[in-house]
Novice: 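Dropping a structure here in structure tokens format, bear with me for questions.
All of these numbers come straight from a predicted model, not from anything done at the bench. Just the heavy atoms: all of them, side chains too, but no hydrogens, waters or symmetry mates, feed the values below.
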Amino acid sequence: MKIPQKQFAAGVSCCFAVLAVLFAAVMGLSVLPSSPSRSFAAAMLLFFFVIYCVILVFRPLFRTPEYTICAAVLGFCGLALRLSLFEFQSGDYVSFLSIWTQTMENMTVSQALSTPIGDYNMPYLYLILLISRLPFYDLYCIKLFSVLADLSMALAVGKLAALFTEKQSLILLSIAAGLFAPTTWLNSAYWGQCDSIYAALALWGLYFGLKKRGVWSMVFFGLAFSFKLQTIFLLPVLAFLLITEHISLKSILAFPAAFLAVMVPALLGGRTVADTLSIYIDQTKAYPYLSLNAPSFWSLINNSYYSLLGSAPTLLAIVMTLLLLFWYARKYQSLTPKLMLELSLILSLMIPWLLPKMHERYFYLAEVLSIVYAAAFPQRIPVSLILLFGGFLIYSAYLFGGVPILSLQLIAVIYGVTLIYLLLRCSQDCTADSMKIKEELFHGEH
């Protein structure tokens, strides 16, 4: 009996998928010392994987099961990769995160909530408090939350990509890029940072905004802002969503409601309103440097000039952002979802490129948004490659040392040129959309 070619290919693909899953599981576990904490971490990642698969099945991104299976296998391999990196202790963990966890471990819940510990906002400190109560290695637990956000971020990237392309292959590649772009797994599973948490929430906020689900959009943006101040790199896009009636003025109220709601446990625990709401203000006063390993415009100038420049760099970033908002607000009739995606990428790149005191991780939103941008504009994939590779080089120089392939200043210049390119292409696309709308109106009148 002759087996149909399509069925044979599907069978072979499934066999390779099973082998890939088994190989990834073995490799992921083999590098960690055997302990209850390792078993806990593996069990939690398996639980995350099950949730990820349930979402893929019941909120499908693909029309055919083959792509869904591929996305599931990619998710499993992405988790296995991250598990294999759990043992590394970064300088930030040793100097800050572990100390915060140990401090809370010796406190009551009320004391931990009312005492200013660390310089992160309250939602992340809630996670640290929870970790301090678990009988497992705190390093693994810290990384688990960020890895869970990695999965959510990859799904958000896939959902956003599906808004701009019907090609299943591009959507799958977008999820793969979200899972395996070096800065995503280096940030969460290796470094133990939490940038994927606020980025995932912000991407879901953008997704629901473009889907005209204003309340959900504002809730996610509010939660993102409650985790990290760096959400402001994307928040200006709300102006475009508002004037194009993707979200209503009334739905904006959900943003402060979500932001303030997550502060309630701290207030009930005895923390003052002033302490709770001043965390971000204190963050802006920290780090008196023009650049902290970030490929921003100010990395081209020596940090010793920080005091001489004063607030000029921040004012420049604010003015440029307002000019961009004003320019495109005038062209609101041409603001298609695709154009708003372009503006989202521009804002998430331009603002940290112009601001002082930026860390290397603050281009995270631009990096993941560039993946969606590449799916929407496949011919412009070099933009995504530049940002993802540039981020990897910056991370590598900080985490691994050695001689960098490209200097920080050269990467900053490349980012600046990329930003100019994005601005020019966005202007051209806006003009083309405007002409198309005028032609449609003209034909409609005649």
Novice: For the aromatic rings, using the six-membered ring if either is Trp, is the centroid distance between Y415 and W353 under 6.0 Å?
Specialist: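 Ring centroids of Y415 and W353 are no less than 6.0 Å from each other.
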
Novice: What verdict does the salt bridge (charged side-chain N to carboxylate O under 4.0 Å, His left out) test give for K331 and D429, after you've listed the backbone C-alpha separation in whole Å, the side-chain angles of each residue and the deciding distance to 0.1 Å?
Specialist: CA-CA 12 Å; K331 303 171 181 288; D429 292 340; over 6 Å; no

Novice: What about the rings of Y398 and W191, do their centers lie closer together than 6.0 Å?
Specialist: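 When the ring centroids of Y398 and W191 are compared, they turn out to be within the sub-6.0 Å range.
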
Novice: Are side-chain heavy atoms of Y328 and C430 found at a separation under 4.5 Å?
Specialist: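 They are in side-chain contact.
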
Novice: Do S98 and D138 have side chains that approach each other closer than 4.5 Å (heavy atoms only, starting at C-beta)?
Specialist: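 They are in contact (side-chain heavy atoms under 4.5 Å apart), so the answer is yes.
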
Novice: With sequence neighbours left out, which residue pairs that include part of residues 259-283 fulfil the ring-ring contact (aromatic ring centres under 6.0 Å, His included) condition?
Specialist: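 Those involving residues 259-283 are F225-F259, F225-Y280.
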
Novice: Between F392 and L186, is there a side-chain heavy-atom distance shorter than 4.5 Å?
Specialist: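 Yes, close enough: below the 4.5 Å cut-off.
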
Novice: Keeping the roles fixed (side chain from Q111, backbone from T108), state whether a donor-acceptor pair exists under 3.5 Å.
Specialist: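 Between the backbone of T108 and the side chain of Q111 there is a qualifying donor-acceptor contact (under 3.5 Å).
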
Novice: Give a yes or no on this: more than 12 heavy atoms of other residues, nucleotides or ligands lie within 6.0 Å of atom CZ of R59.
Specialist: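 No, not enclosed.
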
Novice: With side chains defined as the heavy atoms from C-beta onward, is the minimum distance between L422 and E342 less than 4.5 Å?
Specialist: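 No, every pair of side-chain atoms sits at 4.5 Å or beyond.
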
Novice: State whether a side-chain donor-acceptor pair under 3.5 Å links S304 with N302.
Specialist: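 Yes, N302 and S304 have a side-chain donor paired with an acceptor closer than 3.5 Å.
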
Novice: Is it true that atom CD of E245 has more than 12 heavy atoms of other residues, nucleotides or ligands lying nearer than 6.0 Å?
Specialist: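 No, the 6.0 Å shell around CD holds no more than 12 heavy atoms from other groups.
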
Novice: For the residue pair Y362 / D195, report whether a side-chain donor-acceptor contact shorter than 3.5 Å exists.
Specialist: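 Side chains of D195 and Y362: no pair found under 3.5 Å.
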
Novice: Check the orientation of F220 and W216. Use parallel for under 30°, tilted for 30 to 60°, and perpendicular for over 60°.
Specialist: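 Tilted, since the angle between the ring planes falls between 30° and 60°.
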
Novice: Where do T314 and L355 land on the side chain to side chain contact (heavy atoms under 4.5 Å, CB included) test, with the steps shown first?
Specialist: CA-CA 5 Å; T314 303; L355 278 175; 4.2 Å; yes

Novice: Side chain to side chain contact (heavy atoms under 4.5 Å, CB included) for F62 and I175? Distances and angles first, verdict last.
Specialist: CA-CA 12 Å; F62 306 101; I175 294 176; 4.0 Å; yes

Novice: Grab the two heavy atoms, one from F221 and one from G205, that are nearest each other, plus how far apart they are.
Specialist: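 So the two residues come closest at CE1-C, 3.3 Å.
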
Novice: Might you work through the side chain to side chain contact (heavy atoms under 4.5 Å, CB included) test for L300 and V413, ending with a clear yes or no?
Specialist: CA-CA 8 Å; L300 305 175; V413 171; 4.1 Å; yes

Novice: Quick check: does any side chain N or O of K143 sit under 3.5 Å from a backbone N or O of L85, one acting as donor and the other as acceptor?
Specialist: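 Judged by distance alone, yes, a pair lies under 3.5 Å.
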
Novice: Below 4.0 angstrom, N of the basic side chain to O of the carboxylate: do D150 and R82 qualify?
Specialist: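 Yes.
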
Novice: For S95 and G91, indicate whether the former's side chain and the latter's backbone hold a donor-acceptor pair under 3.5 Å.
Specialist: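 Yes.
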
Novice: Rounded to the nearest 0.5 Å, what's the gap from CG on L46 to CG on L79? Could you check?
Specialist: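 Rounded to the nearest 0.5 Å, the CG-CG separation comes out at 9.0 Å.
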
Novice: Flag the pair Y421 / R380 as yes when at least one side-chain heavy-atom distance between them is below 4.5 Å, and no otherwise.
Specialist: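 Heavy-atom side-chain distance check passes, below 4.5 Å.
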
Novice: Is it true that atom CG of L253 has more than 12 heavy atoms of other residues, nucleotides or ligands lying nearer than 6.0 Å?
Specialist: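 Above 12, so yes.
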
Novice: Once you round to the nearest 0.5 Å, how far does OG of S174 lie from CG of L179?
Specialist: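 Between S174 OG and L179 CG, I get 11.0 Å after rounding to 0.5 Å.
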
Novice: Examine distances only and state if a side-chain atom of Q409 and a backbone atom of S299 form a donor-acceptor pair shorter than 3.5 Å.
Specialist: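 Yes, Q409 side chain to S299 backbone: donor-acceptor pair under 3.5 Å.
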
Novice: Judged by atom type as modelled, is there a donor-acceptor pair below 3.5 Å linking the side chain of K357 to the main-chain atoms of T284?
Specialist: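 Yes; at least one donor-acceptor contact below 3.5 Å.
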
Novice: May I ask you to check if K338 and F377 form a cation-pi contact, with NZ or CZ under 6.0 angstrom from the six-membered ring centre and within 45° of the axis?
Specialist: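 Yes - K338 lies over the ring of F377, closer than 6.0 Å to its centre and within 45° of its axis.
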
Novice: Any side-chain heavy atom of F389 sitting closer than 4.5 Å to one from I386?
Specialist: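 SC-SC contact between F389 and I386 ruled out.
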
Novice: Are any side-chain N or O atoms of S348 and backbone N or O atoms of L345, one a donor and one an acceptor, separated by less than 3.5 Å?
Specialist: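 Present.
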
Novice: So which of Y126, Y93, Y120 actually passes ring-ring contact (aromatic ring centres under 6.0 Å, His included) with W100?
Specialist: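 Running ring-ring contact (aromatic ring centres under 6.0 Å, His included) over Y126, Y93, Y120 with W100 returns exactly one hit, Y120.
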
Novice: With ring centroids as reference points, do F40 and F47 lie under 6.0 angstrom apart?
Specialist: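 Centroid distance F40-F47: not below 6.0 Å, so no.
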
Novice: Do W185 side-chain atoms and F180 backbone N/O form a donor-acceptor pair below 3.5 Å?
Specialist: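 Answer holds: yes.
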
Novice: Minimum heavy-atom separation for P295 to F363, with atom names?
Specialist: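 Result for this residue pair: CD-CE1, 3.6 Å.
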
Novice: Locate the shortest heavy-atom distance separating G269 from S114; write the atom from each residue and the value.
Specialist: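 Of all heavy-atom pairs spanning G269 and S114, the closest is O-CB, 3.5 Å.
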
Novice: Between S188 and S146, is any side-chain donor less than 3.5 angstrom from a side-chain acceptor?
Specialist: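 There is no such pair (donor and acceptor under 3.5 Å, judged by atom type) between the side chains of S188 and S146.
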
Novice: Take a 6.0 Å sphere around CZ of F400 and say whether it holds more than 12 heavy atoms from other residues, nucleotides or ligands.
Specialist: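 Atom CZ in F400 is packed in, count exceeds 12.
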
Novice: Any Lys/Arg nitrogen of E367 or R361 sitting under 4.0 Å from an Asp/Glu carboxylate oxygen of the other?
Specialist: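 No salt bridge links E367 with R361.
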
Novice: State yes or no: are the ring centers of F76 and F49 separated by less than 6.0 Å?
Specialist: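 So the answer is yes for these two rings.
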
Novice: Any side-chain heavy atom of L234 sitting closer than 4.5 Å to one from L369?
Specialist: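 In short, these two side chains touch, coming nearer than 4.5 Å.
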
Novice: Would you check if the side chain of N303 reaches a backbone N or O of Y289 as a donor-acceptor pair within less than 3.5 Å?
Specialist: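 Pair absent, no side-chain N/O of N303 close to backbone of Y289.
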
Novice: Do the ring centers of H246 and F240 come within less than 6.0 Å of each other?
Specialist: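 No, too far apart.
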
Novice: Can you tell me how far apart CD1 (I346) and SG (C426) are? Round to the nearest 0.5 Å.
Specialist: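 If we round to the nearest 0.5 Å, I346:CD1 and C426:SG are 4.0 Å apart.
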
Novice: Got a second to check how far L173's CG is from I381's CD1, nearest 0.5 Å?
Specialist: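 So the gap between those two atoms works out to 8.0 Å.
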
Novice: Give the ring-plane orientation class for Y364 versus Y198, where under 30° counts as parallel, over 60° as perpendicular and anything between as tilted.
Specialist: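 Tilted, since the angle between the ring planes falls between 30° and 60°.
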
Novice: So which heavy atom on A375 is nearest to which on L170, and how close?
Specialist: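 So the two residues come closest at O-CD1, 3.8 Å.
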
Novice: Using a 4.5 Å cut-off on heavy atoms from C-beta on, say whether the side chain of L210 contacts that of L160.
Specialist: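 Sidechains of L210 and L160: in contact.
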
Novice: Taking all heavy atoms of A200 and all of A149, pick out the closest pair and write down the distance.
Specialist: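 Scanning both residues completely, I find the closest heavy atoms to be CB-O, 3.7 Å.
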
Novice: Is it true that a side-chain atom of S226 and a backbone atom of L223 form a donor plus acceptor pair closer than 3.5 Å?
Specialist: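 Pair found, side chain donor or acceptor close to backbone of L223.
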
Novice: Between the side chains of E87 and Y140, does any donor sit under 3.5 Å from an acceptor?
Specialist: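 The answer is yes; a qualifying pair exists.
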
Novice: Are the aromatic rings of F88 and Y190 close, with centres under 6.0 Å apart?
Specialist: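 For F88 and Y190, the ring centres are under 6.0 Å apart.
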
Novice: Strictly distance-based, threshold 3.5 Å: is any side-chain N or O of T165 a donor or acceptor partner for the main-chain N or O of A161?
Specialist: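 The answer is no, because no donor-acceptor pair under 3.5 Å joins these two groups.
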
Novice: Given side chain to side chain contact (heavy atoms under 4.5 Å, CB included), test F255 with V215 step by step and report yes or no.
Specialist: CA-CA 8 Å; F255 181 98; V215 173; over 6 Å; no

